[in-house]
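Sequence lines set the chain letters: A, B, ... in the order given, protein chains first and strands last, and positions in each chain run from 1. Remember, predicted model here, so these are calculated numbers, not experimental data. Side-chain atoms are counted along with the backbone in the values below, which use heavy atoms only and exclude waters and symmetry mates.
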There are 2 protein chains.
Amino acid sequence: MPGPSEELLDVVVGLLVEHGFEGISIRRVAASAGVSIGAVQHHFPTKDALLAAAMARVDDQVGAQLLRSAQAASSPAGALRAVAAGLVPLEPAERGAGVVWLVQVARAAVHEPTATAYRASWQRVEEALARLLGAARPDLGPGAVLDRAAALLALLDGLATARVAEPGRMPPSRARRLLDHHLDALLAP
Amino acid sequence: MPGPSEELLDVVVGLLVEHGFEGISIRRVAASAGVSIGAVQHHFPTKDALLAAAMARVDDQVGAQLLRSAQAASSPAGALRAVAAGLVPLEPAERGAGVVWLVQVARAAVHEPTATAYRASWQRVEEALARLLGAARPDLGPGAVLDRAAALLALLDGLATARVAEPGRMPPSRARRLLDHHLDALLAP
DNA sequence: CCCCGGACCATACGATCGTATGGTTGGCTT
DNA sequence: AAGCCAACCATACGATCGTATGGTCCGGGG
């Protein structure tokens with residue numbers, strides 16, 4: 001059961017998905033959560049702290065979800081496929097997570113504190129992908145594994161971007177097909 | 001020679017690169033351009049019109065640049081390579097265009113007018129890539145051409161995102177290597 | 001029983017925002 | 001010379017912003 005702070009963060013995430021960073025204000029968060037301005041201030045001293053906590057929360061949730069799906073797989077190749085699929089908002093219900101990722105990475109381009117957090121998170125993602133790919137393709141050298149993991153991550157980011165911003169051009173079926181095609185070629189001996 | 005409106009738009013783009021959409025206000029644009037608030041209002045009636053015009057301007061500039069580099073190539077494969085390289089901010093000097101693209105696509109996720117303009121633009125980009133790829137690989141069926149063009153565009157978007165938000169993890173040399181590797185495999189018979 | 005600290009609220013302050021209004025140039029046309 | 005129009009400016013209005021301040025409520029430990 002989430003505490004009151006977590007409920008506030010979920011409200012922030014909801015507003016972030018709907019209106020982006022520009023649409024977020026302490027007053028709106030308070031109103032949307034049904035509390036007063038002071039309540040928000042009580043849990044998070046400044047707006048920056050509130051936004052940072054909200055982004056850290058979704059980061060943790062996504063990371064935990066990826067870890068779970070990877071551990072549920074029976075082979076490194078299966079785990080790689082699961083993690084890759086988890087990084088692209090294929091279903092419309094996953095669009096929220098994709099929007100949060102997109103507005104966060106755009107903020108990282110112009111806001112240094114956001115950038116440091118994002119870089120650390122995505123560095124870990126690339127390393128995880130490389131680890132799984134190295135286990136699934138023991139014939140590849142370590143340099144090739146790193147580069148192909150980075151290329152895979154770039155494709156995943158691009159698919160996520162298209163899914164979020166252009167769902168018409170990139171419907172779920174197409175995203176899935178492009179992802180599977182790339183993974184098939186990547187995992188072929 | 002750019003008129004006063006274009007100078008204002010260039011100022012907007014500069015602020016966009018430095019601070020994103022959140023850092024843009026009529027007053028800041030006016031101050032940064034060395035004119036009054038009323039001057040900005042005279043050329044663009046509202047803030048939305050100003051932002052839309054600024055994004056349309058960079059869109060036109062990028063499109064013209066891509067068209068030029070494609071026409072300068074001597075083969076469809078060369079044109080494809082040129083267009084692909086032009087869509088990724090490889091050099092640090094091109095980072096500005098990448099930042100504008102990233103903040104624009106993030107805004108498209110939460111702002112419908114931005115989304116419609118972005119979708120139209122990127123739809124044209126995918127079609128151009130597919131046309132060049134179809135000419136370079138006549139052995140491919142039209143469906144395969146479309147899908148591989150979309151996968152290439154996703155990779156380019158992901159590389160651009162990483163170049164802008166994580167220049168440490170994705171230095172120019174690595175982005176170029178990943179791009180060339182993908183294009184080599186794509187253009188191989 | 002007291003009281004104390006965390007959770008929450010009401011309100012206020014100064015700053016900044018987008019936009020509206022009306023006036024002032026300065027060059028060009030007729 | 002007269003007038004017109006685009007370009008530009010100074011200022012003002014109401015709204016919203018982030019944050020600070022001081023109070024109220026209430027459940028658990030002394």
Can a donor-acceptor pair be found, under 3.5 Å and without considering hydrogens, that links the side chain of B/Arg148 to the backbone of B/Ala130? no
Pairwise side-chain contact, B/Val88 with B/Glu94, heavy-atom cut-off 4.5 Å (strictly under): no
Span of DNA chain D engaged by chain B, first through last nucleotide within the 4.0 Å heavy-atom cut-off, is D/dA6 to D/dA12
Where does the angle between the aromatic ring planes of B/Trp101 and B/Trp122 fall among parallel (under 30°), tilted (30 to 60°) and perpendicular (over 60°)? parallel
Sequence neighbours excluded - salt bridge (charged side-chain N to carboxylate O under 4.0 Å, His left out) pairs with any residue from residues 170-187 of chain A: A/Arg81-A/Asp184, A/Arg174-B/Glu126, A/Arg174-B/Asp147, A/Arg176-A/Asp180, A/Arg177-B/Asp147
If I take atom CG from residue A/Leu102 and atom CG from residue A/Asp157, how far apart are they, to the nearest 0.5 angstrom? 9.5 Å
Under the side-chain hydrogen bond (donor to acceptor under 3.5 Å, both in side chains) test, residues paired with A/Ser75 that sit two or more places apart: none
Side-chain N,O (A/His43) to OP1/OP2 (C/dG6) below 4.0 Å: no
Inter-residue atom distance A/Leu90.CG - A/Leu159.CG, 0.5 Å rounding: 8.5 Å
Identify, with sequence neighbours excluded, every residue that meets side-chain hydrogen bond (donor to acceptor under 3.5 Å, both in side chains) alongside A/Arg68. A/Gln65
What is the ring orientation for B/His182 with A/His182, classed by angle as parallel under 30°, tilted 30 to 60°, or perpendicular over 60°? parallel
If you look at every heavy atom in A/Ala70 and A/Val83, which pair is closest and at what distance? CB-CG2, 3.8 Å
Those residues of residues 9-30 of chain B lying under 4.0 Å from DNA chain D by at least one heavy atom: B/Arg27
Let's see if you get this right: which residues in residues 45-56 of chain A place a heavy atom under 4.0 Å from DNA chain D? A/Thr46, A/Lys47
